[in-house]
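First comes the structure, then the notes that go with it.
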Amino acid sequence: DNQSVPFSKIFIENIDFGAGNIDELQFDSLKVSAIYSNRSFLLNNFELSTYLGNINAKDGQMNFGLTNNGVQFQENDRLNLFITFENIDISKFNRYFPWGLESRGFMTGNINLKGTADKPEIASHMDISDPGFDKINGEKLSGNVFYKESKVDFRNLLLQTKNGRYSGF
């Protein structure tokens with residue numbers, strides 16, 4: 001059943017949870033302030049602190065519909081969200097990656113999501129301390145990732161290892 005939910009407004013005002021979990025994600029604290037009204041979601045504040053790291057977002061906006069099956073996007077629904085993250089333990093997400101090799105490190109950076117649901121534009125800066133991919137180990141990996149028009153572009157990549165520095169793109 002993909003019918004719209006029987007309400008058009010949801011106010012989430014200054015919710016502050018102590019330790020808990022959402023699905024399998026355990027958190028130390030969660031703070032949220034947002035409004036959903038007539039397919040428009042306005043995110044005033046989001047702060048999530050977990051043992052995996054911290055994620056924050058402020059003053060974001062997205063358009064989507066709520067149905068009995070969850071969130072539903074239409075092709076022209078607007079996206080405008082800026083997310084920062086700090087010390088995210090990459091190894092905890094290996095089961096979600098499409099490759100079978102171990103990835104590890106602690107990621108800090110940001111993601112800027114704009115565009116529309118059918119044509120998202122993503123710009124991200126990341127710094128990863130103690131990066132690793134299978135048998136490749138480093139001290140630091142940094143760079144920018146851009147996604148636009150179904151293309152991924154890596155820029156200013158820098159991998160520092162105990163044996164030297166490697167850069168490209």
Side-chain angles (χ1 to χ4, degrees), residues 8-67 70-94 96-98 103-131 140-159 167-169:
S8 62
K9 290 187 180 185
I10 301 172
F11 294 94
I12 303 170
E13 301 239 2
N14 302 319
I15 292 178
D16 190 350
F17 291 107
N21 67 303
I22 299 172
D23 196 20
E24 295 179 19
L25 177 63
Q26 295 180 354
F27 58 84
D28 299 321
S29 70
L30 171 62
K31 297 178 182 179
V32 181
S33 179
I35 298 170
Y36 176 83
S37 178
N38 299 321
R39 299 189 49 78
S40 180
F41 178 73
L42 301 173
L43 180 64
N44 298 319
N45 186 43
F46 178 87
E47 298 175 24
L48 178 66
S49 297
T50 76
Y51 69 95
L52 299 174
N54 303 315
I55 300 173
N56 299 298
K58 290 185 186 284
D59 303 323
Q61 191 271 331
M62 299 174 69
N63 294 102
F64 56 83
L66 290 178
T67 70
V71 172
Q72 183 179 39
F73 287 100
Q74 294 176 352
E75 66 181 41
N76 290 323
D77 282 344
R78 302 291 308 160
L79 308 171
N80 184 13
L81 190 59
F82 184 75
I83 302 167
T84 61
F85 44 89
E86 181 180 19
N87 294 322
I88 301 294
D89 186 350
I90 296 170
S91 69
K92 303 296 184 186
F93 296 92
N94 276 317
Y96 302 108
F97 295 144
S103 299
R104 59 197 171 278
F106 296 91
M107 185 169 55
T108 296
N110 60 62
I111 297 174
N112 194 6
L113 177 62
K114 292 188 177 280
T116 61
D118 66 331
K119 293 182 181 176
E121 298 176 15
I122 302 169
S124 180
H125 175 78
M126 293 178 240
D127 292 309
I128 303 173
S129 61
D130 300 319
K140 182 179 179 183
L141 174 64
S142 63
N144 299 311
V145 181
F146 299 92
Y147 177 85
K148 184 176 181 179
E149 298 176 359
S150 302
K151 296 177 185 166
V152 177
D153 182 18
F154 296 92
R155 293 187 196 156
N156 303 320
L157 291 181
L158 173 63
L159 173 63
S167 62
F169 296 102

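These numbers were taken from a predicted model, which means no experiment stands behind them.
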Query - CZ on Arg104 to CD1 on Ile128, rounded to 0.5 Å - result: 11.5 Å
Report task. Can you measure from CG (Asn21) to OG1 (Thr50) and round to the nearest 0.5 angstrom? Result -> 12.0 Å
**Report entry** Inter- and intrachain pairs under salt bridge (Lys or Arg N to Asp or Glu O under 4.0 Å), touching residues 41-59, at least two apart
**Finding:** Glu47-Lys58
Report summary line: Correct closest heavy-atom pair for Ile111 and Ser124 would be CG1-OG, 3.6 Å
**Report entry** With Asp130 via side-chain contact (heavy atoms from CB on, under 4.5 Å) - residues at least two apart
**Finding:** none
Name each donor-acceptor pair under 3.5 Å that joins a side chain in residues 79-91 to protein atoms two or more places apart or in another chain, with its distance.
{"from": "Asn80", "atom 1": "OD1", "to": "Lys114", "atom 2": "NZ", "distance (Å)": "3.4"}
{"from": "Asp89", "atom 1": "OD1", "to": "Ser91", "atom 2": "N", "distance (Å)": "3.2"}
{"from": "Asp89", "atom 1": "OD1", "to": "Ser91", "atom 2": "OG", "distance (Å)": "2.7"}

Query raised in the report: Is a side-chain donor-acceptor pair under 3.5 Å present for His125 with Asn110?
Result: no
Query raised in the report: Once the angle between the rings of Phe64 and Phe73 is folded into 0 to 90°, is it parallel (under 30°), tilted (30 to 60°) or perpendicular (over 60°)?
Result: perpendicular
Query raised in the report: Roughly how far, to the nearest 0.5 Å, is CZ of Phe27 from CD1 of Ile55?
Result: 12.5 Å
**Report entry** By ring-ring contact (aromatic ring centres under 6.0 Å, His included) - contacts of Phe46 (at least two apart)
**Finding:** none
Report task. Could you pull out the closest heavy-atom pair between Ser103 and Phe97, with the gap in Å? Result -> CB-CE1, 3.9 Å
Query raised in the report: Quick one: side-chain hydrogen bond (donor to acceptor under 3.5 Å, both in side chains) partners of Thr116, sequence neighbours excluded?
Result: Asp118
Query - Reported OG-to-CG distance for the pair Ser33 and Leu43, which is rounded to 0.5 angstrom - result: 8.0 Å
Query - Atom pair CZ (Phe17) and OG (Ser29), whose distance is rounded to the nearest 0.5 Å - result: 11.5 Å
Requested in this report: Using a strict cut-off of less than 4.0 Å between a Lys/Arg side-chain nitrogen and an Asp/Glu carboxylate oxygen, indicate whether Lys151 and Asp153 qualify as a salt bridge.
Outcome: no
**Report entry** By side-chain contact (heavy atoms from CB on, under 4.5 Å) - contacts of Tyr51 (at least two apart)
**Finding:** Gln26, Lys92
Report summary line: Heavy atoms of Pro120 and Leu113 approach each other most closely as CB-CD1, 4.3 Å
Report summary line: Contacts of Tyr147 meeting ring-ring contact (aromatic ring centres under 6.0 Å, His included) (sequence neighbours excluded), chain-then-number -> none
Report task. Sequence neighbours left out, what passes side-chain hydrogen bond (donor to acceptor under 3.5 Å, both in side chains) with Asn14? Give chain and number order. Result -> none
Query raised in the report: Can you name the residues that form a side-chain contact (heavy atoms from CB on, under 4.5 Å) with Ser40, not counting sequence neighbours?
Result: Leu42, Gln61, Asn63
Query raised in the report: Quick one: NZ on Lys31 to CG on Leu48, what's the gap to the nearest 0.5 Å?
Result: 12.0 Å
**Report entry** salt bridge (Lys or Arg N to Asp or Glu O under 4.0 Å) contacts touching residues 71-81 (sequence neighbours left out)
**Finding:** Arg39-Asp77
Requested in this report: Quick one: list whatever passes side-chain hydrogen bond (donor to acceptor under 3.5 Å, both in side chains) with Asn112, sequence neighbours left out.
Outcome: none
